[in-house]
Trainee: 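First the structure, which I've put down as structure tokens, then a few questions once you've had a look.
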Amino acid sequence: SLGASDSDIKKLATIYWFTVEFGLCKQDNGEVKAFGAGILSSAGELEYCLSDKPKRVPFNPAVAAVTEYPITSFQPQYFVAESFKDAKEKVRDFAYSLDR
């Protein structure tokens, strides 16, 4: 675990869920696109996540890290990054904030 606590590993895993698996990201023109593998592997969830049905909130790793999520149904909430660069910087800063 590279010195990370079980709690911090769970937080990082949850951030992974909301980014690599179920992440949304704004494009330069402001359009929201899906990039998460969990979304892209499900035509139904892809259509759903880009509709007006789920809640979409700005990506904040500290919030995402403690947000519960279902594993057997569409996500009720997605985090939207301003850009890949912004998401990467926010995740890096969050990781640096963890105790080691």
Side-chain angles (χ1 to χ4, degrees):
S1 71
L2 301 174
S5 68
D6 289 347
S7 172
D8 287 344
I9 290 170
K10 182 175 184 199
K11 288 176 184 176
L12 292 170
T14 302
I15 290 170
Y16 180 93
W17 179 269
F18 283 115
T19 55
V20 176
E21 290 294 334
F22 292 93
L24 301 177
C25 186
K26 288 185 183 175
Q27 302 296 292
D28 291 338
N29 65 3
E31 185 179 2
V32 175
K33 298 278 187 164
F35 71 89
I39 296 172
L40 297 175
S41 67
S42 167
E45 186 140 19
L46 179 58
E47 182 177 337
Y48 169 80
C49 78
L50 298 175
S51 74
D52 61 356
K53 293 176 185 171
K55 181 177 180 183
R56 288 195 241 157
V57 297
F59 177 62
N60 177 333
V63 174
V66 295
T67 300
E68 294 187 15
Y69 55 87
I71 61 171
T72 59
S73 61
F74 293 165
Q75 301 303 300
Q77 173 176 292
Y78 298 89
F79 288 91
V80 182
E82 289 298 312
S83 67
F84 282 118
K85 180 181 179 186
D86 183 62
K88 181 176 80 171
E89 290 171 358
K90 286 180 177 178
V91 171
R92 183 188 62 225
D93 292 346
F94 179 80
Y96 284 143
S97 77
L98 300 175
D99 292 330
R100 287 187 250 158

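Numbering of residues begins at 1 and proceeds along the displayed sequence.
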Trainee: For I39, does its backbone N or O pair with a side-chain atom of S42 as donor and acceptor, under 3.5 Å?
Mentor: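 Absent.
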
Trainee: Once rounded to the nearest 0.5 Å, what's the spacing between atom OG of S73 and atom OH of Y48?
Mentor: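 Result: 8.0 Å between the selected atoms.
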
Trainee: Is it the case that one hydrophobic cluster holds both V20 and V80, taking links as side-chain heavy atoms less than 4.5 Å apart, direct or via other members?
Mentor: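 Hydrophobic grouping puts V20 apart from V80.
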
Trainee: Can you see which heavy atom on V91 is nearest to which on P61, and at what distance?
Mentor: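 Here V91 and P61 meet closest at N-CG, 4.0 Å.
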
Trainee: Roughly how far, to the nearest 0.5 Å, is CD of E45 from CG of L50?
Mentor: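 That separation rounds to 10.0 Å.
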
Trainee: Name each donor-acceptor pair under 3.5 Å that joins a side chain in residues 24-35 to protein atoms two or more places apart or in another chain, with its distance.
Mentor:
{"residue": "K26", "atom": "NZ", "partner": "E82", "partner atom": "OE2", "Å": "3.2"}
{"residue": "N29", "atom": "OD1", "partner": "E31", "partner atom": "N", "Å": "2.9"}

Trainee: Nearest 0.5 Å, please: how far is CD in Q77 from CZ in F18?
Mentor: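 The CD atom of Q77 is 6.5 Å from CZ of F18, to the nearest 0.5 Å.
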
Trainee: Minimum heavy-atom separation for A62 and F94, please, with both atom names.
Mentor: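 What the structure gives for the nearest pair is CA-CE1, 3.8 Å.
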
Trainee: Under 4.5 Å between any side-chain heavy atoms of C49 and F22, yes or no?
Mentor: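 C49 vs F22: side chains apart.
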
Trainee: Roughly how far apart are D93 CG and K88 NZ, rounded to 0.5 Å?
Mentor: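 If I round to the nearest 0.5 Å, the distance is 11.5 Å.
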
Trainee: Quick one: which residue pairs count as a salt bridge (charged side-chain N to carboxylate O under 4.0 Å, His left out) with a foot in residues 52-69, not counting sequence neighbours?
Mentor: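 Listed once each, the pairs would be none.
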
Trainee: Count the heavy atoms of every other residue, nucleotide or ligand shown that sit under 6.0 Å from CD of E47, and state whether that count exceeds 12.
Mentor: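 Not more than 12 within 6.0 Å, no.
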
Trainee: I71, L12: one ILVMFWY side-chain cluster at the under-4.5 Å cut-off?
Mentor: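 Hydrophobic grouping puts I71 with L12.
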
Trainee: Over all heavy atoms of both residues, which pair between A64 and T14 is shortest? Give the atoms and the distance, please.
Mentor: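 Scanning both residues, the minimum pair turns out to be O-CG2, 3.1 Å.
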
Trainee: Using 0.5 Å steps for rounding, measure from the OG atom of S5 to the NZ atom of K10.
Mentor: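 The NZ atom of K10 is 11.5 Å from OG of S5, to the nearest 0.5 Å.
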
Trainee: Is any side-chain heavy atom of V57 less than 4.5 Å from a side-chain heavy atom of F79?
Mentor: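 Yes - at least one pair of side-chain heavy atoms lies under 4.5 Å apart.
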
Trainee: Mind checking whether W17 and F84 sit in one hydrophobic cluster, side chains of I, L, V, M, F, W, Y counted as touching below 4.5 Å?
Mentor: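 In one cluster: no.
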
Trainee: What verdict does the side-chain contact (heavy atoms from CB on, under 4.5 Å) test give for F59 and D86, after you've listed the backbone C-alpha separation in whole Å, the side-chain angles of each residue and the deciding distance to 0.1 Å?
Mentor: CA-CA 9 Å; F59 177 62; D86 183 62; 5.7 Å; no

Trainee: OH/Y16 to CD1/I9 distance, rounded to the nearest 0.5 angstrom?
Mentor: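 The OH atom of Y16 sits 15.0 Å away from the CD1 atom of I9.
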
